[in-house]
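Because the structure is a prediction, the values reported are computed rather than measured.
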Amino acid sequence: MKNFRFTIGNKILGGFITLILIFIIYAGITIFTVSTNSKLTEKNSNIIKPSVTAIKDFNLLIIRSKMLVTNWVYLQSNEADKQSLVTIHEEEYPAMKDRITDLKEMWDEERQAQEMDTIFKEFEELLGFQKEIMESLVTFENYEDAIVKFMASESIEREILPRTDTIIANLNVVLEQQQEESERYEEEVLQSSNALRTTSIILAVVFIGLGLVGAFWLASSITKPVNYIKGLVVELGKGVLPDSSTRRFGNDEIGEMAEAVDKLVYGLKETSYFAENIGSGKYDSEYQPLSEDDVLGNALIDMRGNLKRVAEEDKKRNWTTEGLAKFGDILRRNNDNISKLSDEIISNLVKYTNSNQGGLFIINSENDDDKYLELTACYAWDKKKYLEQRIYEGEGLTGQAWLEAETIYMTEVPQDYVMITSGLGEANPNSLLIVPLKVNDEIYGVIELASFNKFEDHEREFVEKIAENIASTISSVKINETTSKLLRESREMTEQMRSQEEEMRQNMEELQATQEEMERSQRDREDKEKIINYTNMMIELDDRFQVTSINNIASEKLKYNFSDLSGSGFEKIVESKVGFSKMKQALSEGRTASGVLKVRQKSGDSINVQFSGGVLHSQGSGSNKYLLIGAVISTEELV
């Protein structure tokens, strides 16, 4: 205990331990109360309230079933209500019963569950009466049967309505009990919450009281010396370096803080002189940090070395920003003319980057099978080299940049690749920069710059950004040109479609009129065929004059069934062989034929029939059929 010091840390620790104990007590009470309320609320939300809702839904289902079964009896044609009643029997009630059964298993009152089972039983008996009514009134004849209708009405009055009222009354009793239980749970939660609030207020008062006492106690032992040191720190914060003080405050942390402040003042005086030299631009001034861990001193030394780099980087950044703004304005002013845009871009880019010459190539894609780069603008460039010359993908350094879609930067330019010409003669450039015009992984052209000076990293990045903006503008120009072309073609196509539509409309009107006329003719023909078919014998023969079909009149007059003559030659029942031979000859030649033929009936008797025949042309097969239409004539008519 001799080594124990009642330091600031111990003072603060004791106060915090006291406050933590109070907080633990409060937290324990809160957790217990919240847990209890959570259980009550969970049961009320997951069991009681769903049960109340389910019972209300069951009540509505009972009322609906009463209404629908009444409509079943008195509204014969209301099929929708009948289907709804069937759905209640087969789907809704079983689902409702399962839903309430799952909930009532968790009810506290066993008596309520038993009452619910009784209600289920009573309702199922009610459904039985409803089912009898539904089965008795199914067809139209059932509804017309006065006795059946009367019995169903009596069942409604004596069984359905009284039982429904009884079930609803019993169900309302269970509903009221569940609602009362829900209200009881809510009351318990409210009382518990009120108790927690009272406890919280009491503990808060205790907490505040202890805090005030601790604050006043710490003020005398901590606040005064700390305020003294704070004054020194405030002066330091204002940039004032006060004189060191020999005042002591004991052997606790306050004394250690005072000694640290003295060292800080001394160190700041030394570093302030060095900072003044850096601020005035004397980056070569000497300074010795207080130690290897002197963060401020080492930071000042690093700052001295970084200030030059920062200034240079700011200069480069401003150069890039100004350039982007300048070329952005050029792109906006010339976004409707690629030729003018190319001239403006390449001339300004060569000047801005202090290059000696440059060229702008754009892909000519008028023919998809023959794409090539063509020089659209240049600055101090040897135009003869590219006059009417096409650069294809992968051809030379320019074509290689197109193929690889990557920037090519060379500081050792091949001899005779390009020459920079001036009044003093020609010379090979020291650096060559070839940048593809790329946006969204699509190449629209290439920029090529040549210079006696090397291109710095920020200059190459700047040209790549400008190339992307140029590619975006070229893309927009080409899209606008394509859009205009498509718009013109669309307008021309629209006019053609309007003309074709008008012509089609007229053709449709004519076709509709023709179709209506054909339908009228078809109906007239069918009516005539019906008259002939019902008043005359009709016999169809194939190309070998075998019977393929006879109508009822023919079967009645000849006493033959179709099965008697099917597949047989008609000549078999014809006694007038010569007359039939002439008729066959005419029909085979495609002519119509008529005449009186004596035909033998199945009974052996002969009758005279006036036949008229013609050819039935078949579209599906290559052979023809023949149709004979006949009427029986008497011997007197024959004479």
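In this structure, Ser499 contributes its side chain and Gln496 its backbone to no donor-acceptor pair below 3.5 Å. For Ser612 (side chain) and Ser594 (main-chain N/O), no donor-acceptor pair under 3.5 Å exists by modelled atom type. A side-chain donor-acceptor contact under 3.5 Å links Thr494 to the backbone of Ser490. Looking at Trp72, its side chain does come within 3.5 Å of a backbone N or O of Leu137 through a donor-acceptor pair. The closest donor-acceptor contact from the side chain of Asn551 to the backbone of Met538 lies under 3.5 Å. At least one donor-acceptor pair under 3.5 Å links the side chain of Ser84 to the backbone N or O of Ala80. For Thr592 (side chain) and Gly613 (main-chain N/O), no donor-acceptor pair under 3.5 Å exists by modelled atom type.
Scanning both residues, Glu92 and Arg64, for their nearest heavy atoms gives OE1-NH1, 2.9 Å. Nearest heavy atoms, Val174 versus Ile55: CG1-CD1, 3.8 Å. Annotation for Ser155 and Ile133: closest pair OG-CD1, 3.5 Å, computed over non-hydrogen atoms. Nearest heavy atoms, Asn561 versus Ile550: C-CD1, 4.0 Å. In terms of heavy-atom proximity, Gln130 sits nearest to Ser65 at NE2-OG, 3.4 Å. The minimum heavy-atom distance between Val73 and Ser153, with the atom names listed, is CG1-OG, 3.8 Å.
With a 4.5 Å cut-off on side-chain heavy atoms, His89 and Val86 do not count as touching. At a threshold of 4.5 Å between non-hydrogen side-chain atoms, the residues Ile539 and Leu558 count as touching. With contacts defined as side-chain heavy-atom distances shorter than 4.5 Å, the pair Gln177/Trp107 does not qualify. Contact of the Ile62 side chain with the Thr164 side chain is registered, since non-hydrogen atoms from C-beta on lie closer than 4.5 Å. Side-chain atoms of Thr53 and Arg99, non-hydrogen and from C-beta on, do get closer than 4.5 Å to each other. You'll find the side chain of Phe123 stays beyond 4.5 Å of the side chain of Leu171, heavy atoms only. In this structure the side chain of Asn71 never reaches within 4.5 angstrom of the side chain of Leu85, judged on heavy atoms. Using a 4.5 Å heavy-atom threshold, the side chains of Leu126 and Lys66 count as separate.
Rounded to the nearest 0.5 Å, atoms CE (Met134) and NZ (Lys82) are 9.5 Å apart. Expressed to the nearest 0.5 Å, how far OH of Tyr560 lies from OG of Ser603 amounts to 8.0 Å.
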Practice prompt. I would like to know whether Leu541 and Thr548 meet side chain to side chain contact (heavy atoms under 4.5 Å, CB included); could you show each step before the answer?
Written response: CA-CA 5 Å; Leu541 306 177; Thr548 60; 5.8 Å; no
Discussion item. For a side chain to side chain contact (heavy atoms under 4.5 Å, CB included) check, start with the C-alpha distance between Asn170 and Glu115, then their side-chain angles and the critical distance, and finish with the verdict.
Written reply: CA-CA 8 Å; Asn170 295 335; Glu115 290 177 358; over 6 Å; no
Worksheet item: Where do Val632 and Gln610 land on the side chain to side chain contact (heavy atoms under 4.5 Å, CB included) test, with the steps shown first?
Response: CA-CA 6 Å; Val632 179; Gln610 177 69 44; over 6 Å; no
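With respect to Asp564, the salt bridge (charged side-chain N to carboxylate O under 4.0 Å, His left out) criterion is satisfied by exactly one of Lys559, Lys572, Lys602: Lys602.
Applying the salt bridge (charged side-chain N to carboxylate O under 4.0 Å, His left out) criterion to Arg505, with sequence neighbours excluded, gives Glu502, Glu509. Scored by the side chain to side chain donor-acceptor pair (under 3.5 Å) test, Asp329 finds Arg333 as partners (sequence neighbours excluded). Residues forming a salt bridge (charged side-chain N to carboxylate O under 4.0 Å, His left out) with Glu517 (at least two apart in sequence, or on another chain): Arg520.
Thr139 and Asn142 share a donor-acceptor pair across their side chains, judged by distance under 3.5 Å alone.
Phe611 and Phe570 have perpendicular rings, their planes meeting at more than 60° on a 0 to 90° scale where under 30° would count as parallel.
Comment: Glu125 does not engage Lys121 in a salt bridge, judged by the lack of any side-chain N to carboxylate O separation of less than 4.0 angstrom.
When the shell of 6.0 Å around CE of Met106 is examined, it contains more than 12 heavy atoms from other residues, nucleotides or ligands.
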